[in-house]
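In what follows, chains are A, B, ... by sequence order, proteins preceding strands, each numbered from 1. If you're wondering where the values come from, they're calculated on a predicted model, not measured in any experiment.
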Amino acid sequence: QKEVEQDPGPLSVPEGAIVSLNCTYSNSAFQYFMWYRQYSRKGPELLMYTYSSGNKEDGRFTAQVDKSSKYISLFIRDSQPSDSATYLCAMNTGGFKTIFGAGTRLFVKA
Amino acid sequence: DAGITQSPRHKVTETGTPVTLRCHQTENHRYMYWYRQDPGHGLRLIHYSYGVKDTDKGEVSDGYSVSRSKTEDFLLTLESATSSQTSVYFCAISEGRGVPETQYFGPGTRLLVL
């Protein structure tokens, strides 16, 4: 079993929709939860991160962590075609080693 | 891409040949990493470095070696390339001070082993 599971998609939504991206994990030692966005043929870039449980909001993006269920989510409100990318969840126990999910490909149709 | 360059950006090589990929940073960050990205597997850590001449293995290190003789350069060598090493390789850097360590990625190298 992988430490981090993420549905690869693809996920296709119309412009303006609310998008929900999710990951599950098995290692209860993870404390930091990150979302990276990767455009086609580019390197991943950090979108946002959260520590422990709870929600964090940044503009149209909300990251949610439920440590009791070992489940994290990224919500995108009012999705735009420019949000079309692969979104990777990532987790860290507090050191420098980060475990990445396989990534979910998102397409937002105009 | 946060002052990180990778070379070459694309390479086609034959099975059994050695290949060296280079990562160069201008950020003076302490940590450097090599990942490979494959469909269904996401990013997997090959090797990392926590200082000049200080390196360690990641989860998929077999068939790869690394060297770091200067802060700014981290080399990844495929000792004898195999078709299973066809992949996209990303270099990443992090400061070595943060919790968590925010990693910044280079643009990637696409490697095809025939």
Checklist entry - Where do Phe90(B) and Gln38(A) land on the side-chain contact (heavy atoms from CB on, under 4.5 Å) test, with the steps shown first? => result CA-CA 12 Å; Phe90(B) 287 100; Gln38(A) 184 177 21; 3.3 Å; yes
Item to check | Audit row: Thr98(A), Gln103(B), side-chain contact (heavy atoms from CB on, under 4.5 Å) steps and yes/no | outcome: CA-CA 9 Å; Thr98(A) 298; Gln103(B) 295 187 19; 3.5 Å; yes
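Both Val13(A) and Phe61(A) are assigned to one and the same hydrophobic cluster, defined by single-linkage of ILVMFWY side chains at heavy-atom distances under 4.5 Å. Follow the hydrophobic side-chain contacts under 4.5 Å out from Val4(A) and you never reach Ile46(B); the two are in separate clusters. Cluster annotation: Leu47(A) and Leu88(A) are assigned to distinct hydrophobic clusters (Ile/Leu/Val/Met/Phe/Trp/Tyr, side-chain heavy-atom contacts under 4.5 Å, transitive). Using a 4.5 Å cut-off between side-chain heavy atoms of Ile, Leu, Val, Met, Phe, Trp and Tyr, with links allowed through other members, Met34(A) and Val65(A) fall into different hydrophobic clusters. Side-chain heavy atoms closer than 4.5 Å link hydrophobic residues (I, L, V, M, F, W, Y) into clusters, and following such links, even through other members, never connects Tyr36(A) to Val108(A).
Looking at Arg110(B), only its side chain comes within 4.5 Å of chain A, counting heavy atoms on both sides. Residue Pro8(A) does not touch chain B at all, counting heavy-atom pairs closer than 4.5 Å. For a residue to count as touching a neighbouring chain, one of its non-hydrogen atoms must lie under 4.5 Å from one of that chain's; by this rule Tyr51(A) does not touch chain B.
For Arg105(A), the CZ atom sits in a loose shell: 12 or fewer heavy atoms of surrounding residues, nucleotides or ligands are nearer than 6.0 Å.
Residues satisfying the ring-ring contact (aromatic ring centres under 6.0 Å, His included) test with Tyr33(B), not counting sequence neighbours, are none.
Note on residues 40-110 of chain A: pairs passing disulfide (SG to SG under 2.5 Å), not counting sequence neighbours, are Cys23(A)-Cys89(A).
Interatomic distance, CG of Leu43(B) versus CD1 of Ile99(A), reported as 10.5 Å (0.5 Å rounding). Of the inter-residue distances, the one linking Phe100(A) atom CZ with Tyr35(B) atom OH reads 4.5 Å to the nearest 0.5 angstrom. With values rounded to the nearest 0.5 angstrom, Thr102(B) atom OG1 is found 10.5 Å from Tyr32(A) atom OH.
Note: Gly40(B) leads Gly40(B), Pro39(B), Ala92(B), Cys91(B) in heavy-atom pairs under 4.5 Å with chain A.
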Extract all donor-acceptor atom pairs below 3.5 Å that involve side chains of residues 14-21 of chain A and protein atoms in other chains or at least two apart in sequence.
from	atom 1	to	atom 2	distance (Å)
Ser20(A)	OG	Asn22(A)	OD1	3.3

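The stretch residues 47-80 of chain B places Tyr48(B), Lys57(B) near chain A, each with some heavy atom under 4.5 Å from a heavy atom of that chain.
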